[in-house]
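One-based numbering, in listed order, for ligands and for the atoms of each. Predicted, not measured: the structure shown is a model, and the values here were computed from it.
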Amino acid sequence: QTNNSRVVIIGAGIVGCSLADELTARGWRDVTVLEQGPLAAPGGSTSHAPGLVFRTSPSRALTQYARYTVEKFSSLRHAGQACFLPVGGLEVATTEARRLDLHRKAGLAASWGVEGELVDPARCAELFPMLDPDTVLGGFHTPGDGLARATAACLAQIERASRRGARFLDRHTVTGVEREGGRVTGVVTDRGTFPADHVVSAAGFWGPVVGAMAGVDVPLLPLAHQYAKTAPLSGLEGVGADGVEAVRPILRHQDHDLYYREHLDPTGNGPGRIGIGTYAHRPLPVDPYTILPYDQAPKMPSSLPFTADDFAPSWTETGRLLPTLADSQVEEGFNGVFSFTPDGMPLLGESSAVRGFWLAEAVWVTHSAGAARAVAELMTDGRTTVDSHECDPHRFEKAQRSPAYVRERGERSFVEVYDVIHPLQPPGTGRPLRTSPFYPRQQELGAHFLESGGWERPHWYEANAPLVEELGLRLPERDSWSARHWSPIAAAEARLTREKVALYDMTPLRRLEVTGPGSLAFLQRMTSNNLKKRPGSVTYTLLLDENGGIRSDLTAARLAPDRWQLGANSPADLEWLVRHAPDDVQIRDITSGTCCIGVWGPLARELVQPLTPADFSHEAFGYFKARETYVGHIPVTALRVSYVGELGWELYTEADVGLRLWDTLWEAGQRLGVIAAGRSAFNSLRLEKGYRAWAADMTTEHTPEEAGVGFAVRSAKGDFVGRDALAARGAPARKLVCLTLDDPAAVVMGSEPVHVDGVVAGYVTSASYGYSVGRGVAYAWVPAAAAEPGTPVAVEYFGEKVAATVAAEPLFDPEMARIRR
Ligand code: FFO
């Protein structure tokens, strides 16, 4: 299918070239790539990138992008050579913490489909003969990793895209982005203006500069990172041949933030060197406005002068790991500039501020092919094959976009790039940023805060510590990893939520207000469930994409005929709805100006009823109903929903009176033994109840039927986004299932591989200990054939096979007796 829209891509680095290739492969005919430097090493980050492709990452999306880079560059050829050298990857551990983490990494690799093997020190030295086996405790070998030849890959894709009609114009400096009526219309350069329907900024660390021309802020920080080469090494001369510039695996020594690759002479005659990259030095932020253009830069714009002092500790450490290098020296080095975002993930997608202006930024060569494919898919079909919500440019909220924050978090991303990061570990800087009105009370109660979306979120409260003993809770010992950011207090909070009543801060739950005469018709078209119900009703419904994939799950409370409150997930939900809204519908994100307390537990009614003039009996205020009333002095919107599976309400009010609402409930609840409870208990309770969390458990890659939320799809109600695509789908090949771990002492964390009949067949999405059921609980994707309750499986946790069983769900209160009363 041909597409004659005019696309201008800014930047002919690996992302711009890959994107031109992907777009022209999808029938886009009018693609122009503008580049300020000379092709094909124009001087951005790609031109100096050492090209290491280690595919394994905690992020499933990044791993899939990197897998595609390997696959694609292996088949791309330039001047007779493949653009990828499959030398393999080796990560070594020199500390016990890292050695353990390599076990976790091996699990991640298996979950995301990367072949790998844990190896002993002797094997490490065999794979990388310079390495002193006495310095390492072990390694993780990934034979399919290797080196991307970035410049060759650019050239190969320039050739291929050019054959399909793309134009690559170098020495064109972009000076402006033209807009009209909220859309891009063209790109201005020093050599003329290029009209455009779509403009893609693939400008790398110049992204913020190009973004500013379009009035779009691009939250990335350019940082310099050191790379050096040794002098020629004896033993490496004449090793290269036939265009091959490396034979040994790429090597990572993450305990000291170091990586290594060979630079052999590809003619097979000359010397060989080792290249050394380090993240061990202080962050070296660079103002992209100060980077010299190609013609004025001494080497190339992205290559800043080497600061030898910063490199010294890395060189010393290198001599320890690779003793033969101790006799050599650093022959050349540079400080190479590249991009870091506040969370380390790329920025991929269309700007909501300027239609037709796309970001393809903060992408490593490692992930470049997959990231470019994702952007091409978004531009062509509006969706991606690999769910890319983690790369959505709108994931940072207003409060997370200040230059000071982007800088602080960007530097942090650099510092932490090779650290062992626990999945719950909060960022070490820039906190607190967003707090709910209840924050002072949470602090008084000794809340242990973790962060998500910039919000401080209590995970448990030290004030509840005495309960662990009072309740006589006996909990299995945890290993050191699962014990991090966890407390037995969570078990007490979970127990009291099931037995009495607890207050949960639900303020970070995203709230959208939808109003206007067209609101019902609009929401009927955009979501899967039937919302045509009386005001006062709440409906659980799904935002599907055109292909029937799950973009989000929502609660839709109809507060008046033309006024709705949606409980949503990511900023992308607002983006998606606003984009499709007709003129007679208004949508507003009211999250920041409002707050929410979940009051849940068997005593919830006894707590709330005396405080409110409304009738909160089951008969008058049924399950999944909403009403606007008062609690004490405070006006509230009360929703009778419960993500923890207990009787109760979500009580919403304005931020200014939030603290008073908390205090009102707290005081009234004393006689009932009310507690404040945190996310740790919350996550356990929701998993016992079988409630899915969007992003963790289900994404656009999954259909409602596969994910077990088919009940929220009412195909008979009329047309809606995704309906026809779902109808055309066959029976699901995989299913999201509930697993219980057979050993009551076992726990897993999420993202672990699931073995069925001895082979890796799926992965864990969310996990927790189920305090009510006395077992570890894990949700996991498995083949449909293994989804029957009773099926034995194994979850691989730090290399151990933990026996587990597919369970009938939900584990807790399947009759809904505790909620519907
Ligand atoms: N909105 C509100 N108000 N509260 C929430 O906790 C959440 N969510 C997400 C986003 N929006 C929210 C939605 N996830 C149920 C399950 C998942 C949810 C929300 C609610 C639930 O109660 N399901 C019941 C009832 C379904 C029905 O009657 O149609 C069930 O499956 O039995 C929090 O992440």
Side-chain angles (χ1 to χ4, degrees), residues 389 452-453 455 457 497 504-514 523 527-533 537-544 550-559 564-574 576-577 589-591 594-600 622-627 636-653 677 679 681-699 704-705 707-714 717 736 738 765-766 768 779 809-820:
H389 75 270
S452 102
W455 287 99
R457 314 196 74 170
T497 308
Y504 286 84
D505 181 0
M506 297 295 286
T507 303
L509 175 76
R510 185 168 310 278
R511 289 173 287 291
L512 307 180
E513 182 189 75
V514 181
L523 292 172
T527 83
S528 63
N529 210 333
N530 190 4
L531 305 186
K532 197 167 173 196
K533 295 178 190 161
S537 306
V538 183
T539 309
Y540 177 72
T541 188
L542 306 171
L543 283 184
L544 302 178
I550 303 170
R551 283 191 63 101
S552 187
D553 64 343
L554 309 173
T555 54
R558 190 174 197 186
L559 299 176
W564 304 73
Q565 180 174 311
L566 306 185
N569 291 296
S570 73
D573 294 348
L574 175 68
W576 175 253
L577 290 172
D589 189 325
I590 58 169
T591 313
T594 59
C595 59
C596 177
I597 301 175
V599 186
W600 291 311
Y623 183 54
F624 264 70
K625 294 283 184 269
R627 63 196 309 175
V636 297
T637 300
L639 263 54
R640 196 172 152 201
V641 300
S642 162
Y643 200 58
V644 301
E646 293 294 334
L647 173 69
W649 291 268
E650 291 176 346
L651 302 175
Y652 296 86
T653 194
R679 301 292 300 175
F682 183 84
N683 193 44
S684 163
L685 296 166
R686 70 106 181 159
L687 285 171
E688 288 183 332
K689 198 69 186 87
Y691 293 157
R692 278 79 171 136
W694 182 80
D697 302 319
M698 54 191 190
T699 68
E705 192 185 353
V709 289
F711 65 87
V713 179
R714 291 294 147 83
K717 76 167 179 175
L736 184 66
C738 177
T765 57
S766 311
S768 177
Y779 270 75
E809 54 167 333
L811 297 173
F812 188 79
D813 190 28
E815 313 80 27
M816 301 288 279
R818 302 178 69 87
I819 301 188
R820 294 180 187 273

Pick from [options]: the one approaching [atom] most closely through a non-hydrogen atom:
| atom | options | answer |
| --- | --- | --- |
| atom 22 (O) of ligand 1 | F711, Y643, F624 | F624 |
| atom 21 (C) of ligand 1 | Y504, F682, W694, Y691 | Y691 |
| atom 11 (N) of ligand 1 | S552, G567, A557 | G567 |

Just to confirm my output: which protein heavy-atom neighbour is closest to [atom], and how far is it?
| atom | result |
| --- | --- |
| atom 8 (N) of ligand 1 | L509 CD1, 3.9 Å |
| atom 1 (N) of ligand 1 | T555 OG1, 2.6 Å |
| atom 15 (C) of ligand 1 | Y540 CD1, 4.2 Å |
| atom 13 (C) of ligand 1 | D553 OD2, 3.5 Å |

Next item on the list: Using a strict 4.0 Å cut-off to heavy atoms of Y623, name the atoms of ligand 1 that fall inside it.
Entry: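 Every atom of ligand 1 under 4.0 Å from some heavy atom of Y623: 22 (O), 24 (C), 25 (C).
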Considering both backbone and side-chain atoms of [X], is one of its nitrogen or oxygen atoms within less than 3.5 Å of a nitrogen or oxygen in ligand 1?
| X | answer |
| --- | --- |
| Y652 | yes |
| E650 | yes |
| R820 | no |

Do the side chain of [X] and the main chain of [Y] share a donor and acceptor less than 3.5 angstrom apart?
| X | Y | result |
| --- | --- | --- |
| D697 | T765 | no |
| R558 | T539 | no |
| R692 | G690 | yes |

Item checked: Heavy-atom side-chain contact between L685 and E646 under 4.5 Å ->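 Result no, sub-4.5 Å side-chain heavy-atom pair not found.
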Checklist line | Side-chain heavy atoms of L543 within contact of L577, under 4.5 Å | finding: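 L543 vs L577: side chains touch.
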Note to self: Looking only at the aromatic ring of each residue, does the gap between the centers of Y540 and F711 stay below 6.0 angstrom?
What the structure shows: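 Yes, the ring of F711 comes within the 6.0 Å limit of the ring of Y540, centre to centre.
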Note to self: Under 4.0 Å between a side-chain nitrogen and a carboxylate oxygen: does that hold for R457 and D505?
What the structure shows: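 So R457 does not pair with D505 through a salt bridge.
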Margin query: Could you tell me if R686 and S766 have a donor-acceptor pair between their side chains, going purely by distance under 3.5 Å?
Written below: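 Looking only at side-chain atoms, R686 and S766 do form a donor-acceptor pair, the distance falling under 3.5 Å.
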Check: Is T539 touching ligand 1 with its side chain, its backbone, both, or neither, if touching means heavy atoms under 4.0 Å apart?
Finding: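 Neither part.
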